[in-house]
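What follows is one structure encoded as structure tokens, with my remarks underneath.
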There are 2 protein chains.
Amino acid sequence: MSVQERKERERAGRERLIVATARELAEQQGWDAVTTRRLAERIEYSQPVLYSHFRGKREIIGAVALEGAGEMAAAVRAAACSADGPRARVTALARAYLDFAERNPAVYDAMFQLDGGLAFAKEETPEPLKDAFAALLESLGEVAGDGVHPGLFTETFWAALHGLATLTRARRLPPEDTERRVELLVDRLAMV
Amino acid sequence: MSVQERKERERAGRERLIVATARELAEQQGWDAVTTRRLAERIEYSQPVLYSHFRGKREIIGAVALEGAGEMAAAVRAAACSADGPRARVTALARAYLDFAERNPAVYDAMFQLDGGLAFAKEETPEPLKDAFAALLESLGEVAGDGVHPGLFTETFWAALHGLATLTRARRLPPEDTERRVELLVDRLAMV
DNA sequence: CTCGAATGTCTAGCAGTGCTAGAATCGAAG
DNA sequence: CTTCGATTCTAGCACTGCTAGACATTCGAG
């Protein structure tokens with residue numbers, strides 16, 4: 001059955017190629033530029049091939065989102081790990097989060113802005129998404145303060161970061177003072 | 001020159017009709033359903049008429065955003081006005097903001113999520129947008145705390161609210177605990 | 001080695017999008 | 001009543017996501 005295995009591998013490889021190409025194209029020219037035709041052309045197949053891997057464009061966005069969630073979790077954990085003490089950890093986490101959003105705007109959009117057909121905050125939520133939230137919880141839970149549920153605190157802190165990330169990138173907030181806003185957020189929200 | 005004046009009036013009326021219809025359609029079925037054809041059909045004109053009023057769909061979104069900004073400013077001021085003391089004012093403001101976002105999702109999107117071709121946080125920013133921020137600043141500035149710039153504090157608080165609003169509506173956050181998240185935010189961020 | 005079947009891929013097309021050139025129509029002034 | 005300019009519409013472009021059905025390629029049985 002080695003033949004089937006080979007085909008299986010090739011198929012999986014092509015699927016990765018689709019996701020990687022979609023992500024690349026989205027980062028280069030925005031998600032609007034990721035059309036099925038352009039994507040098909042870049043992977044050097046015809047459009048219908050995309051639909052033999054994914055139900056549609058939405059699912060491709062979802063796949064990029066999952067990939068991004070894994071990376072974000074890793075980035076957040078790395079930042080938290082490299083800092084000493086709860087306070088420094090939270091600051092590092094916040095910076096890492098915003099940095100990720102700024103460096104991977106298309107991936108960030110796929111995760112939190114666009115509809116990738118994924119379930120959030122539920123049981124059927126895909127593992128990478130749960131894990132990304134868990135990565136935040138690990139560092140933020142310990143500074144929630146007395147009588148405040150760690151999960152609730154994490155959600156709130158996350159929402160604040162998300163607001164900063166999106167409003168800044170949408171040019172609703174001037175980018176210069178980002179660092180000061182982060183400091184304010186950490187100062188006030190985290191119970192050192 | 002009464003003829004020209006009448007035409008002028010009719011034109012202005014039709015423009016308001018376009019904006020109102022676009023808003024209505026967006027609230028009913030989402031912005032994706034607001035196509036130039038559907039919009040034209042609803043106002044009982046052909047599509048090119050839209051382009052004699054607006055450069056394109058983007059500008060229509062922008063017009064809805066401006067309309068919404070005025071209403072949001074009013075809602076925020078009304079809430080702040082009906083509360084006694086800085087602390088209660090901030091809580092009322094936060095609730096009013098999230099309430100506006102929840103009740104007018106399409107308008108909220110037009111303001112902060114979509115591209116309406118408007119400038120933000122600049123000199124050429126349209127008056128209604130400046131005023132909406134000013135409405136926030138009026139109540140939030142007084143609880144910024146010592147040594148914290150009121151504008152910066154307002155931006156940060158606003159970003160947190162925006163994060164809650166968008167993540168909740170995009171089903172990234174479970175809607176049940178919104179009230180508790182708001183309390184946490186006000187408790188920690190506002191220097192009573 | 002040949003040949004039917006199954007798998008995989010592509011061509012061509014649908015109904016929809018935002019937007020616009022040029023034809024048709026309307027209304028006001030002479 | 002006619003003329004002419006402003007207004008509105010018809011028809012069309014190039015694009016979108018998506019899919020049916022034709023085509024090619026590869027596989028396994030004889």
Side-chain angles (χ1 to χ4, degrees), chain A residues 1-19 21-23 25-26 28-65 106 109-110 114-118, chain B residues 1-19 21-23 25-26 28-65 106 109-110 114-118:
Chain A
M1 292 294 134
S2 160
V3 160
Q4 275 200 337
E5 283 176 19
R6 194 205 65 213
K7 288 200 173 183
E8 199 85 2
R9 270 202 316 277
E10 286 175 356
R11 224 188 121 72
R14 196 171 60 179
E15 190 157 315
R16 280 196 302 276
L17 177 63
I18 292 174
V19 176
T21 307
R23 174 177 178 168
L25 194 49
Q28 283 172 359
Q29 310 180 35
W31 276 106
D32 280 351
V34 184
T35 69
T36 54
R37 276 173 241 279
R38 248 193 290 264
L39 186 49
E41 195 189 10
R42 284 225 185 177
I43 64 168
E44 294 180 316
Y45 281 95
S46 65
Q47 301 146 46
V49 166
L50 301 174
Y51 292 86
S52 73
H53 288 270
F54 302 94
R55 283 173 176 278
K57 192 180 172 181
R58 164 187 299 200
E59 269 197 7
I60 297 177
I61 293 173
V64 172
D109 281 348
L114 301 174
D115 179 12
L118 303 173
Chain B
M1 290 293 133
S2 160
V3 160
Q4 274 200 337
E5 283 175 19
R6 194 204 65 214
K7 288 200 174 184
E8 200 85 3
R9 271 203 315 276
E10 286 175 356
R11 224 187 121 71
R14 198 171 57 180
E15 188 157 317
R16 279 195 303 275
L17 177 63
I18 292 174
V19 176
T21 306
R23 175 177 177 169
L25 194 49
Q28 283 172 1
Q29 310 181 35
W31 276 106
D32 280 352
V34 183
T35 70
T36 54
R37 275 174 244 277
R38 249 192 289 264
L39 187 49
E41 194 189 10
R42 284 225 184 177
I43 65 168
E44 296 181 313
Y45 281 94
S46 64
Q47 301 145 47
V49 166
L50 300 174
Y51 293 86
S52 74
H53 290 269
F54 302 95
R55 285 173 174 277
K57 191 181 172 179
R58 164 187 299 199
E59 269 197 8
I60 297 177
I61 293 173
V64 172
D109 280 349
L114 301 174
D115 180 12
L118 303 172

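Just so it is clear: chains get the letters A, B, ... in the order the sequence lines come, proteins before strands, and each one is counted from 1. Predicted model, so just to flag it, every value in this text is computed and none were measured.
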>> Go through it in stages, so that I can follow the logic: the residues are A:T21 and A:L39, the test is side-chain contact (heavy atoms from CB on, under 4.5 Å), and I'd like the CA-CA distance, side-chain angles, deciding distance and then a yes or no.
In response: CA-CA 7 Å; A:T21 307; A:L39 186 49; 3.7 Å; yes

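No engagement by A:R58 is indicated, since no non-hydrogen atom pair under 4.0 Å with the nucleic acid exists. Within the nucleic acid shown, B:R14 comes within 4.0 Å of sugar-phosphate atoms alone, with no base atom in reach, counting heavy atoms only. If you check every strand for non-hydrogen atoms under 4.0 Å, A:R38 touches sugar and phosphate atoms only.
For a distance-only test at 3.5 Å, the side chain of B:Q47 fails to qualify as a donor-acceptor partner of the base of D:dC9.
D:dT8 atom P lies 13 Å from atom CD of B:E15, rounded to whole Å. A:W31 places its CH2 atom 11 Å from the P atom of D:dG17, with the value rounded to the nearest Å. Computed from coordinates, the A:H53 NE2 to C:dT7 C1' distance equals 14 Å when rounded to whole Å. Rounding to whole angstrom units, CD1 of residue B:I43 and P of D:dC9 are separated by 9 Å. Across the protein-nucleic acid pair, B:Y45 atom OH and D:dT8 atom P stand 6 Å apart, rounded to whole Å. Atom pair A:L25:CG and D:dG17:P shows a separation of 11 Å (rounding to whole Å applied). Taking atom CD1 of residue B:I18 and atom P of nucleotide C:dC19, one finds them 13 Å apart after rounding to whole Å. Computed from coordinates, the B:F54 CZ to C:dC19 C1' distance equals 16 Å when rounded to whole Å.
Ranked by how close their nearest DNA chain C nucleotide is to the 5' end, A:S52 and A:R37 are led by A:S52.
Taking only side-chain nitrogens and oxygens, A:T36 never comes nearer than 4.0 Å to OP1 or OP2 of D:dC18. Put simply, B:S46 has no side-chain N or O that comes within less than 4.0 Å of OP1 or OP2 on D:dT8. At C:dT17, one or more side-chain N or O atoms of B:T35 fall inside 4.0 Å of OP1 or OP2 (strictly under the cut-off).
The shortest distance between side-chain heavy atoms of B:H53 and B:R11 falls below 4.5 Å. Between A:L50 and A:I43, the closest side-chain pair of non-hydrogen atoms falls below 4.5 Å.
Within a 6.0 Å radius of CD in B:Q28, other residues, nucleotides and ligands contribute more than 12 heavy atoms. In B:Q29, the CD atom is crowded: over 12 heavy atoms of neighbouring residues, nucleotides or ligands sit closer than 6.0 Å.
Looking at the side chain of B:P48, the nearest of the listed nucleotides C:dT9, D:dC9, C:dG18 is D:dC9. The side chain of B:V49 approaches D:dT8 more closely than any other nucleotide in the set C:dC10, C:dG18, D:dT8.
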